[in-house]
Amino acid sequence: MSKEVRVRFAPSPTGDLHVGNIRTALFDWAYARHTGGKFIFRIEDTDRERVTDQYIQGAIDTMKWLGLDWDEGPEVGGPHGPYLQSQRLDIYAKWAQTFLDQKDAYYCFCTPEELEALREEQKKANQAPGYNGKCRNLTLEQQTEFKNQGRSAVIRMRMPEGETKFVDVIRGEVSFDHKFVPDFVLVRADGSPLYTLAVAVDDVLMKVTHVLRGEDLLSSTPRQIRVYQAMGVQEEDYPVFAHLPFVMGKDNAKLSKRNGEVSVSWYRAQGYLPESICNYLALLGWSPGDDKENISMQELVNLFTVDRVHASPARFDPKKLDALNADKIRALSSEEFLERSWNYIVEQNLIENNQGNKEIIASLLPIIQERIVTLNEIPAMANFLFVEQVEIEEESKEMMSKVETKEILQAALNQIKPLNTWDKENLENVLRGELIENRGLKPRIAFAPIRIAVTGSHISPPLFESMVLLGKDRCISRISKSL
RNA sequence: GGCCCCGUCGUCUAGUGGCCUAGGACUCUGGCUUCUCAAGCCAGCUACGCGGGUUCGAAUCCCGUCGGGGCUACCA
């Protein structure tokens, strides 16, 4: 029996979680669930200048909303916590000291300005940039002298000669010559840890077995492995690495706000279903292998394996997300569609939250379910039911003023006024009978004026159903007003 | 510049040497249906970056090339 799979998602919340982050989180989660392992959610907030509590809370909310539940992490705790790196500073300090004692790391007194100058020089000389090891072998006396000069020190990891080779399950064997992996900083001059230290220490301490993360971290893997070595971890205990391809915006450009919408909370506010976002994102860099693309979260868990993840980057295409979301909305049961819609409307504050309004929406939902793409379209479609009179849209005003139009409206009025039972069948019978059969009008010609008079727009849910929902009085009133 | 990764329709992908005259989905175009809008149905457009090998045979393997991306921080 092999050991339990433990996967972590470890974002650094320097902003709203975007679709790229979430694609990674989704794969992490799906892999953990697929294997029956544990999903760990860790917040990498070692850079307190950029990470804020608000973003951390936002990340937690987004994960919950998407249904990516975690076994260990914020709010739920776990045996290897805390799961916020800012609460683990003593752990990193202890390991940094150990590395210093072992001579794996050393104090470096070079100032940022000196390092900048060094980089300039290297660039000019066309050399590989990187720390030149100036402070590698400082004597105690030299260190004291630097301190007396008022210099502060960072802790730097010593990178031995040689190379680091490892197998990335998505990319195969990857190797880095240490000539291109300079000594790197573990601890800032102010004593705070850097990602390079924290990520490796935590992955070891939290017993992470599989690191599935963005491809941008591929070239930092040798540094992470270097820390494992200093921690005394055996090679067979290194986690399995899998570097996921990027999710990109249009034109091959990196995903960013300028390049289409990226934040998951934006998609939430637009009325996308969380499972649509997950489903769509799952298709970026992974596929179920057959022709079925619309899958549930459970199917994703069942089908997800890392060997079906491929190595090339994917473009985020909002059009396909739309199509998937529309499909998923159509597939909702009427009860569920109502519950989701109403929750969304209330959450976004689009319509006042009371029982009467909810009932109006509930009555409308069945006739608009197959014609909306996102939940935020509901209020506009429902508008005609919430007002006493409608405003006729600009583009239809000319048509509505024509004599022929007035004639149709008058004829329709004559037919519906005497109706005792106000239902779809009766409305359709009398209106078709008079306008189509008696007058020989084409349906589209005959019904357009009524539609516009009643809903204000030439585009609406099905006419007779809409009239039923509106009620006889308001229909008569609106048609009369258009005469 | 150096190091690393990547390269199938416009986009997401299937494809692991013969089943590929390259399949599906989204988009787009045309048509059918139709009370509008949708939905549904049918049809069409469009791809293995390029050049060399290896092989009886290559989208699939190798080399080169070109193109894209990442890293090169006291960010992650």
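From a predicted model like this one, the values you see are computed outputs, not experimental measurements.
Rounded to whole Å, the distance from CG on A:Asn279 to C1' on B:C12 is 12 Å. When rounded to the nearest whole Å, the span between CZ of A:Phe180 and P of B:C5 equals 13 Å. Atom CZ in A:Phe166 sits about 12 Å away from atom P in B:C4, given to the nearest Å. Between A:Asp307 atom CG and B:G15 atom C1' the separation is 15 Å, expressed in whole Å. What separates CE of A:Met159 from P of B:C3 is a distance of 17 Å, to the nearest Å. Residue A:Arg315 contributes atom CZ, which lies 8 Å from atom C1' of B:U11 at whole-angstrom precision. We find that CG of A:Leu281 is positioned 15 Å from C1' of B:C26, with the value rounded to whole Å. Per the geometry, CH2 belonging to A:Trp286 stands 10 Å off P belonging to B:A14, to the nearest Å.
Considering CE of A:Met157 and CG of A:Leu197, their distance stands at 7.0 Å, rounded to 0.5 Å. In this structure, CZ in A:Arg315 is found 12.5 Å from CZ in A:Phe246, a value given to the nearest 0.5 Å.
Using a 4.0 Å cut-off between charged nitrogen and carboxylate oxygen, A:Lys320 and A:Asp317 do not count as a salt-bridge pair. The residues A:Asp203 and A:Arg213 are annotated as not salt-bridged, no charged nitrogen and carboxylate oxygen being separated by less than 4.0 angstrom. Between A:Lys179 and A:Glu163 no salt bridge is recorded (no basic side-chain N to carboxylate O distance below 4.0 Å). A salt bridge does not link A:Glu44 with A:Arg8: none of the charged nitrogens is closer than 4.0 Å to a carboxylate oxygen. The pair A:Glu434-A:Arg439 meets the salt-bridge criterion, since a charged nitrogen lies less than 4.0 angstrom from a carboxylate oxygen. Between A:Arg156 and A:Asp104 no salt bridge is recorded (no basic side-chain N to carboxylate O distance below 4.0 Å).
Checking B:U13, B:U11, B:A25 against the side-chain heavy atoms of A:Lys320 singles out B:A25 as nearest. Among the nucleotides B:C12, B:G70, B:U27, the one closest to any side-chain atom of A:Leu284 is B:C12. Closest to the A:Pro313 side chain, of the nucleotides B:C12, B:U27, B:C6, is B:C6.
Partner assigned to B:U54 is none, using Watson-Crick or G-U wobble distances below 3.5 angstrom. Base pairing annotation: B:A25 forms a Watson-Crick or G-U wobble pair with B:U11, both donor-acceptor distances under 3.5 Å. Remark: B:G40 base-pairs with B:C32. Criterion, Watson-Crick or G-U wobble with two distances under 3.5 Å. Within the shown strands, nothing qualifies as a pairing partner of B:U46 under the Watson-Crick or G-U definition with both distances less than 3.5 Å.
Straight-line distance between the P atoms of B:U36 and B:C12: roughly 36 Å, to the nearest whole Å. Nucleotides B:C9 and B:G15 have their C1' atoms positioned 14 Å apart, rounded to a whole Å. Between B:C26 and B:C45, the distance separating the two C1' atoms is 15 Å to the nearest Å. If you take atom C1' in B:U72 and the same atom in B:U54, they sit 37 Å apart, rounded to whole Å. B:G70 and B:G51 have their P atoms separated by 28 Å, given to the nearest Å. For the C1' atom pair drawn from B:A14 and B:A76, the interatomic distance equals 34 Å after rounding to whole Å. Rounded to the nearest Å, the gap between the C1' atom of B:C42 and that of B:A22 is 23 Å. Spacing of C1' atoms, B:C6 relative to B:G49, comes out at 13 Å, to the nearest Å.
Nearer the 5' end of RNA chain B, as judged by each residue's closest nucleotide, is the contact made by A:Arg308, out of A:Arg308 and A:Phe464.
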request  = For side-chain contact (heavy atoms from CB on, under 4.5 Å), just list the numbers for A:Leu138 and A:Phe109, CA-CA rounded to whole Å, side-chain angles, deciding distance to a tenth of an Å, and then say yes or no.
outcome  = CA-CA 10 Å; A:Leu138 254 31; A:Phe109 291 87; 3.7 Å; yes
ask   = Taking it one step at a time, do A:Ile372 and A:Met381 satisfy side-chain contact (heavy atoms from CB on, under 4.5 Å)?
value = CA-CA 9 Å; A:Ile372 62 170; A:Met381 286 194 158; 3.6 Å; yes
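There is no side-chain donor-acceptor pair under 3.5 Å between A:Tyr344 and A:Asn376.
Residues from residues 168-179 of chain A placing a heavy atom under 4.0 Å of any atom in RNA chain B, listed by number, are A:Arg171, A:Val174, A:Ser175, A:Phe176.
At B:U13, one or more side-chain N or O atoms of A:His310 fall inside 4.0 Å of OP1 or OP2 (strictly under the cut-off).
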request  = Let me have a per-nucleotide readout for nucleotides 36-44 of chain B, 5' to 3', with B, S or -, counting only protein heavy atoms under 4.0 Å.
outcome  = BBBS-----
message = So if I define the base as every atom that isn't primed, P, OP1 or OP2, how would nucleotides 71-76 of chain B read as a B/S/- string at a heavy-atom cutoff under 4.0 Å?
response = SSSBBB
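For the pair A:Arg23 and A:Phe27, the cation-pi criterion (under 6.0 Å, within 45° of the ring axis) is fulfilled.
Taking the six-membered ring where the residue is Trp, the centroids of A:Phe9 and A:Trp29 are separated by 6.0 Å or more.
Ring-plane geometry between A:His243 and A:Phe241 is classed as parallel, the angle between the planes falling under 30 degrees on a 0 to 90 degree scale with a further cut at 60.
In this structure, A:Gly285 reaches the sugar-phosphate backbone alone: every heavy-atom distance under 4.0 Å involves primed, P, OP1 or OP2 atoms, never a base.
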